[in-house]
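Start at 1 with the first residue, then count along the sequence. Quick caveat: nothing in here was measured; it's all calculated off a predicted structure.
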Amino acid sequence: MQRLAFKMKLNKGQKDAYKKRHDQLWPELKKLLKDSGLSEYSIFYDEETSTLFAFQKVSGNSSSQDLADNPIVKKWWDFMADIMEVNLDNSPVSIPLEEVFYLE
């Protein structure tokens, strides 16, 4: 089991919209993520910087970041593009984070 973390940036004033969209996560996206090996996926918000911190537990060698060619994922990116920093293809600007400590 891998533990992966990355950060993204939310546009100012968009926390409520981001939370609402994730509270109503599409069933087909949830199934895709679980079928891809994710057993845990948490996203935390830093109000001061509008930074999103994401954590995933993944079986195998992939993560949600490896689903870029999936049409469901591309549709989700398009849906989220108006409230967060995105790349030209509407994928979230995502910066991997290195684990430097873990207590089991």
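Here Leu29 contributes atom CG and Lys75 contributes atom NZ; the two are 10.5 Å apart, rounded to the nearest 0.5 Å. Rounded to the nearest 0.5 Å, atoms CZ (Phe53) and NZ (Lys7) are 10.5 Å apart. From Lys15, atom NZ reaches atom CD of Glu47 across 4.5 Å, with rounding to the nearest 0.5 Å.
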Please walk me through it: do Asp23 and Lys19 pass side chain to side chain contact (heavy atoms under 4.5 Å, CB included)?
-> CA-CA 6 Å; Asp23 287 346; Lys19 181 163 176 14; 3.2 Å; yes
Stepwise side chain to side chain contact (heavy atoms under 4.5 Å, CB included) test for Ser39 and Met1 | CA-CA 9 Å; Ser39 61; Met1 183 78 56; 3.8 Å; yes
Any chance you could lay out the side chain to side chain contact (heavy atoms under 4.5 Å, CB included) test for Tyr41 and Leu33, step after step, and finish with the verdict?
-> CA-CA 9 Å; Tyr41 190 173; Leu33 293 171; 4.2 Å; yes
Evaluate salt bridge (charged side-chain N to carboxylate O under 4.0 Å, His left out) for Lys20 paired with Asp16, printing each intermediate quantity in order.
-> CA-CA 6 Å; Lys20 181 178 180 182; Asp16 291 340; over 6 Å; no
Could you please spell out the steps behind the side chain to side chain contact (heavy atoms under 4.5 Å, CB included) verdict for Thr51 and Leu10?
-> CA-CA 6 Å; Thr51 299; Leu10 195 58; over 6 Å; no
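Each side chain to side chain donor-acceptor pair (under 3.5 Å) pair with one or both residues in residues 79-90, not counting sequence neighbours, appears once here: Arg21-Asp82, Asp78-Asn90, Asn87-Ser91, Asp89-Ser91.
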Donor-acceptor pairs are to be reported for all side-chain atoms of residues 95-104 against protein atoms at under 3.5 Å, with residues two or more places apart or in another chain.
residue, atom, partner, partner atom, Å
Glu99, OE1, Arg3, NH2, 2.8
Glu99, OE2, Arg3, NE, 3.0
Glu99, OE2, Arg3, NH2, 3.2

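Linking Ile, Leu, Val, Met, Phe, Trp and Tyr whenever their side-chain heavy atoms come within less than 4.5 Å puts Ile72 and Leu67 in one cluster. Note on Leu52 and Leu25: same hydrophobic cluster, where clusters join Ile, Leu, Val, Met, Phe, Trp and Tyr whose side-chain heavy atoms are under 4.5 Å apart, directly or indirectly.
Across Ala54 and Met8, no two heavy atoms sit closer than the pair CB-CE, 4.3 Å. Minimum interatomic distance between Val58 and Leu4 (heavy atoms only, all atoms of both residues): CG2-CD1, 4.0 Å. Counting all heavy atoms, side chain and backbone alike, Ala17 lies closest to Ile83 at C-CD1, 4.1 Å. For the residue pair Val86 and Ala81, the shortest heavy atom distance occurs at CG1-CA, 3.8 Å. When all heavy atoms of Met84 and Pro92 are compared, the pair lying nearest together is CE-CB, 3.8 Å.
Counting only heavy atoms from C-beta outward, the side chains of Gln56 and Glu40 never approach each other to under 4.5 Å. The shortest side-chain heavy-atom distance between Tyr18 and Met80 falls under the 4.5 Å cut-off. Within the 4.5 Å cutoff, no side-chain heavy atoms of Phe6 are placed close to those of Phe55.
The main-chain N or O of Thr49 is found under 3.5 Å from a side-chain atom of Lys9 such that the two form a donor-acceptor pair.
Aromatic ring pairs are classed by plane angle as parallel below 30°, tilted from 30° to 60° and perpendicular above 60°; the pair Trp76 and His22 is perpendicular.
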